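Down below is the structure, laid out as C-alpha cells.
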Amino acid sequence: MFSSVLAVVLIKMLSILLLCVLSVCVPSKGPVGMFRTECRDGHFWLTVGSGFLGRMFRFDTEGRSGVHTVSDQRAAICGYTMLLDSWGNLVLRASYLACDVDTREHTGIQLMVWFVNKEANDEETSYPFLLTCPLQQWSPREIMCEENYMEVSVKKPIPPVVQKGQEWMTPPPKRSEQGGMKEWRVVFRIPPGAQEDMMSTPVREQTLTLMEAEQLGYHINFTGSRILLRCGYSSPFSYVLKVKGIDLEVISITIFYRYQWTLFKVDASVACSLYKGTMDGTYILWSIPQILPPLVQGPVRNQGARMGVGGRLLSACLIQQRGYKMEVRDGVVEVRIPFGAVGGQIKSHVMAGRYSQSYSVDLFYVQQWGDAQWTLTRHRSFRPLWTTPSPHSPRLVNLTVPEEGDFSVTLGVFPPDVSLANVTIATLTVPLAGAEELGLRVTQVPFPNGTHAYLLQVPFPHPLVSQKYLGGKYRRYTLAVTFTLLISPHREVFTHSASVVCDLQDVVLPRVEGRCTDKTMKLTLHRGNMDTQWAIFFGNHRLEPDLVEFGGYSLEAADDYFTVEVPLYSLGMAYEDLSLQGLLANVAVSVLDVETGAVEQTFIQRCTFHVRELMVCLPNSWMVVVVDTARVVPPLDPRDIALLDPSCRPKEMDRTRALFSFSLDSCGTIQGVEGKDLVYVNEVRYMPRYLPIPQPFFHPFYYYRQPLGCRYPLNGTRTLAIYQSRLWPLSRTRPSQHNPFVRAERG
Ligand SMILES: *[C@@H]1O[C@H](CO)[C@@H](O)[C@H](O)[C@H]1NC(C)=O
Ligand SMILES: *[C@@H]1O[C@H](CO)[C@@H](O)[C@H](O)[C@H]1NC(C)=O
Ligand SMILES: *[C@@H]1O[C@H](CO)[C@@H](O)[C@H](O)[C@H]1NC(C)=O
Ligand SMILES: *[C@@H]1O[C@H](CO)[C@@H](O)[C@H](O)[C@H]1NC(C)=O
C-alpha cells in the first residue's frame, strides 16, 4: 500500500555549507546498511544501527523556519518519536503531520532529517536524509496514540455552498488564513469527578486563544483541509477516565474558528489507553475498550480493528501463524502476544548468574468506527510492551548417534544478542578460532526466525573425552563441557555446563601371543584400543620397567604391540614339571583393569626347555633331579646309579641321563639344621645292578658322587626351588658338608 520510494540523498552542496555554518559538522554519507528508512502507516521511520551510534547523537529536522534539534519536548509537540529498540538501534518515527513536513501534490510527503553523531573525539558528523513518502489517504478523523504524544486531525467542515451570484456581491474578507488563526478559540472541558480535587464541581470549561494553548503544550494548526491537535501526555487539561476497568487519558476540546462569514466549531477530542500491558501466563496482554465514550457521539458503526507490530499491520493469517490473539471480551479488546513470538524481540540478561530473557514488542493497534459526528474515525495506538527478565535455561540437546563416532550436542536457542566466546572441555578452554585445530567442531546453527543455536561435535576418542571401562568390552565416553557465552552489547558473561555420556561396546582387549625359543619365552602383547586401562602381570609380577630390568627381560615395542622375551628361570616364570623331555615352564599373562583390579583376561604360555641336569625342590619335601652320567669318563651307564638308599634307582632313563623323583624323608636322605634352615642331603652314587660291588680304588666309578640337597626355612613358607648344576663337580666329599648347589630360581 505504501510503496516506499525512499532515498538517502546527498543534499545540494549549498545547503550543506549553510548547515555547516550553523553548527560545526561534517556532512557525510553513512556506511551501507547502517540506516534504514521506511514509510509505515502514516509515519516516516528512520532506523540507525546500534553499531553506528557514537558517544552522543541526535536528530535535527529542517523546515521553512530553519533547523531544529529534536528534543524530548519538541518531539512531543511536533510529532516525533525517538526510541532505542531492544537491540539498541535508534529509531526516529515522525508523523506525516509533524512540524517541518512538507506536503506537495507532486513530490509526496517529505521531511528533511539530519542524524548527528558525536564521535569519541567530540567531532560531529551529520548524515542528511530526505525522507519521502506517498500522499496519505486520511479518514475524516484520525487519532494517534503515540508513545510520547497524542494527536488528532480532523477534516475541516466544508461551509455550505454559497448561492450563485452572491460571491461578487458579498466579497469575503481578504485575510490570510494564518492571520485568521488569531481569532481561533479552544474550549477544554473537564467533566466532574474526572479529577479528584473537582469531585463536586460541575463541568469545568476553559476557553483559550491558540497562543495560550500553545504555551500550555497544545500544538494546534491546520493544513488546507485538516485541523490538527497534538500534545504530550499528562497535559494541563487532560484527565483520566476509567472505562471497563481501563484507564484512558482524555482531552475534551472544541476548536472554534471563523471561515469567511461563518463561525465553525470542531470537536478535536482525543483519548488513549494508558494500559501498560501485563503478563498473562506466557502471553503479554494489552487491552483497550472497544468503544471510547469520550470520542463517540450517537450510535456507533464498528468498522473493525486490526493489530500489528513495529508499525506494520498484519493479516489475519500472519496473526494466527505467530500465535497472536485478538479477542473482544465484555466490550474490551484483548490483544495477546506469546512470549518470544516473531515480531517482538527477545533480549538476553544475566540475573544472579543465570541466563534470563525479556521480551518486548512494539504493538500497533488500529480500530475504526463511524458515528453521528464522523463517518469514519481511525484510532491508532503505538504501545511498547515488555516483560521483566525471567530465568531461561538454555537447552542442551543430545544428538549423539553412536554410529557416527562423535558426540554431537546443541545448545540453544539464543536470540541474536548472544554469542559463544569459548568452550571448555574437561579442563581445557578452547577459543572458537582454535577448535578446528584441536579436532573439535563448533558451529553456529541459524534458524529462519533469527535465533540460533550452537552445535558442538567431539570425536569419542578425542583426548579431552574421558573414558571409563565398564566391563564386558563396554566403555563409557564422557564429554564434560562448559559453554561460555557473551551478551551484547555489554558483554555480560554466562556459562552453561553439561555432561554427556555414551556407552559403546567397542573395547578391543589386549591380545597375547607366545612362542618358545631355546632358552626364552617370547610374548607379544597387542595393545588393543584402551591401552591405559590395563595393568599387565607376568605371574604375580606387574610388567613395569623394574621387572624388565631385574627379570633380565628384553623388550621391543612397536606402535600397537610390544614383545617381551622372558629368559628361563627369570622372575615371572612358573615351573610345572621336570622330566627327561625337559623342564615344563609357563608364564601366565593376566590383563587387569587398573581401576577395579578385576582380571579381564589370562593367557598362559607353556614351554618345555631341554635341560641336561637340574635339581628341583618342591615345597612338599619332594625332590626331582635329572643327572647326566655322560660327564664321567668313561661314561657311566645310568642304570648303574642309585641314591644313598641303593634301592632308590632312577624313575626314568635315557642313554646318558637319569631322573630321580623321591620324597625327602626316604631314600636314605639325611636331615639336619643349618642356622635357620632345614637341610636335606642325599647323593647319587655308582651302584651296579649286579653284585658284588667292585673294588674301591681300582674301579673308575668308585668315586662317583653326585651330592643332592634341598634347603627350606625352618619357619616360613616353602617355595619351589630349582638348582642348576653350573659347577656340578664329581664330588669326593661326604654328603652334608656344605651346600654345593647354585640356586637358580625361587618359583
Ligand atoms: C502551522 O502550519 C504551517 C504550515 O501549514 C506552518 O507554517 C506554521 O508554522 C504552523 N504553525 C505552528 C504554530 O506550528
Ligand atoms: C525459532 O526457531 C527455533 C527453531 O525452529 C525454535 O526452536 C524457536 O522456538 C523459535 N523461536 C521463536 C522465538 O519462535
Ligand atoms: C573465555 O571467554 C570469556 C568471556 O569472554 C573470557 O573471560 C575468558 O578469558 C575466555 N577464556 C579463555 C581461556 O580464552
Ligand atoms: C545422549 O545420547 C547417547 C547416544 O544416543 C545416549 O547413549 C546417552 O544416554 C544420551 N544422554 C546423555 C545424557 O548423555
Side-chain angles (χ1 to χ4, degrees), residues 40-41 81 83-87 89 91 145-147 242-249 271-292 302 304-352 354-368 379-395 412-418 447-453 487:
R40 276 195 233 159
D41 209 80
T81 306
L83 51 111
L84 283 171
D85 70 14
S86 300
W87 307 125
N89 299 322
V91 178
C145 298
E146 250 293 4
E147 281 182 38
K242 218 179 206 32
V243 177
K244 306 237 178 225
I246 293 160
D247 286 343
L248 303 180
E249 177 163 340
C272 292
S273 167
L274 291 177
Y275 198 80
K276 290 262 183 281
T278 52
M279 274 313 276
D280 177 28
T282 57
Y283 289 88
I284 299 188
L285 167 68
W286 184 78
S287 310
I288 186 167
Q290 196 178 20
I291 291 172
L292 304 167
N302 220 325
R306 293 183 66 186
M307 67 175 288
V309 289
R312 276 199 191 91
L313 287 175
L314 298 174
S315 65
C317 177
L318 259 185
I319 288 175
Q320 198 190 358
Q321 238 177 45
R322 296 181 176 186
Y324 301 171
K325 287 180 185 162
M326 201 165 79
E327 294 160 331
V328 182
R329 197 167 293 173
D330 298 330
V332 174
V333 180
E334 296 181 347
V335 174
R336 285 182 172 79
I337 297 177
F339 184 100
V342 184
Q345 285 161 332
I346 295 178
K347 172 105 187 74
S348 302
H349 311 262
V350 179
M351 308 266 295
R354 294 186 64 188
Y355 176 65
S356 307
Q357 288 184 343
S358 64
Y359 178 70
S360 65
V361 58
D362 283 319
L363 177 70
F364 180 50
Y365 173 80
V366 183
Q367 60 190 27
Q368 302 190 119
H379 186 278
R380 291 179 286 178
S381 302
F382 282 100
R383 284 293 172 254
L385 307 176
W386 60 89
T387 69
T388 52
S390 59
H392 184 96
S393 200
R395 208 156 73 91
V413 177
F414 295 112
D417 62 351
V418 172
F447 296 117
N449 61 15
T451 62
H452 64 277
I487 298 174

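Owing to the predicted nature of the structure, the values given are computational and were not obtained by experimental measurement.
Val309 has its side chain within reach of Arg322: a pair of non-hydrogen atoms, C-beta onward, lies under 4.5 Å apart. Counting heavy atoms from C-beta on, the side chains of Glu147 and Pro384 come closer than 4.5 Å. A 4.5 Å side-chain heavy-atom check between Phe364 and Arg380 finds at least one atom pair inside the cut-off. A heavy-atom distance below 4.5 Å is not found between the side chains of Asp362 and Phe382. You'll find the side chain of Leu248 reaches within 4.5 Å of the side chain of Pro289, heavy atoms only. Within the 4.5 Å cutoff, the side chain of Val413 has no heavy atoms near those of the His452 side chain. Proximity of Gln321 to Val342: side-chain heavy atoms (C-beta onward) are nowhere separated by under 4.5 Å.
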Start with the C-alpha distance between Trp286 and Ile288, add both sets of side-chain angles, then the distance that settles side-chain contact (heavy atoms from CB on, under 4.5 Å), and finish with yes or no.
CA-CA 7 Å; Trp286 184 78; Ile288 186 167; 3.8 Å; yes
Working note: Leu285 + Tyr275, criterion side-chain contact (heavy atoms from CB on, under 4.5 Å); need CA distance, chi angles, decisive distance, verdict.
CA-CA 10 Å; Leu285 167 68; Tyr275 198 80; 4.0 Å; yes
Could you please spell out the steps behind the side-chain contact (heavy atoms from CB on, under 4.5 Å) verdict for Val418 and Ile487?
CA-CA 5 Å; Val418 172; Ile487 298 174; 4.3 Å; yes
Would you sort out whether Asp280 and Glu334 count as a side-chain contact (heavy atoms from CB on, under 4.5 Å), showing the intermediate values?
CA-CA 11 Å; Asp280 177 28; Glu334 296 181 347; over 6 Å; no
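The two residues Met351 and Ser356 have their closest heavy-atom pair at CG-OG, 3.1 Å. Smallest separation of non-hydrogen atoms from Gly450 and Pro416: O-CG, 3.5 Å. Residues His349 and Ser358 share a closest heavy-atom pair of NE2-OG, 2.7 Å. Heavy-atom minimum distance, Tyr283 versus Pro338: CD2-N, 3.5 Å. Taking every heavy atom of both residues into account, Ala341 and Tyr324 meet most closely at CB-CE2, 3.8 Å. A pairwise comparison of heavy atoms in Gly340 and Ile346 identifies CA-CD1, 3.6 Å as the closest pair.
In this structure, CE in Met279 is found 7.0 Å from OG in Ser390, a value given to the nearest 0.5 Å. If you take CD1 on Ile337 and NZ on Lys325, they are separated by 12.0 Å, rounding to the nearest 0.5 Å. A distance of 9.5 Å separates CG in Leu274 from NZ in Lys242, rounded to the nearest 0.5 Å. Note that OG of Ser315 and CD of Gln320 are 10.0 Å apart. Values are rounded to the nearest 0.5 Å. Rounding to the nearest 0.5 angstrom, the gap separating the CD atom in Gln290 from the CG atom in Asp330 is 10.5 Å.
Salt bridge annotation for Glu327-Arg329: present, with a cationic side-chain nitrogen under 4.0 angstrom from a carboxylate oxygen.
Ring-plane geometry between Tyr355 and Phe414 is classed as perpendicular, the angle between the planes exceeding 60 degrees on a 0 to 90 degree scale with a lower cut at 30. Taking the six-membered ring where tryptophan is involved, the planes of Tyr359 and Phe339 are tilted, since the angle between them lies from 30° to 60°.
Between the side chain of Arg383 and the backbone N or O of Gly277 there is no donor-acceptor pair closer than 3.5 Å. Asp417 places a side-chain N or O within donor-acceptor distance of the main-chain N or O of Ser348, the cut-off being under 3.5 Å.
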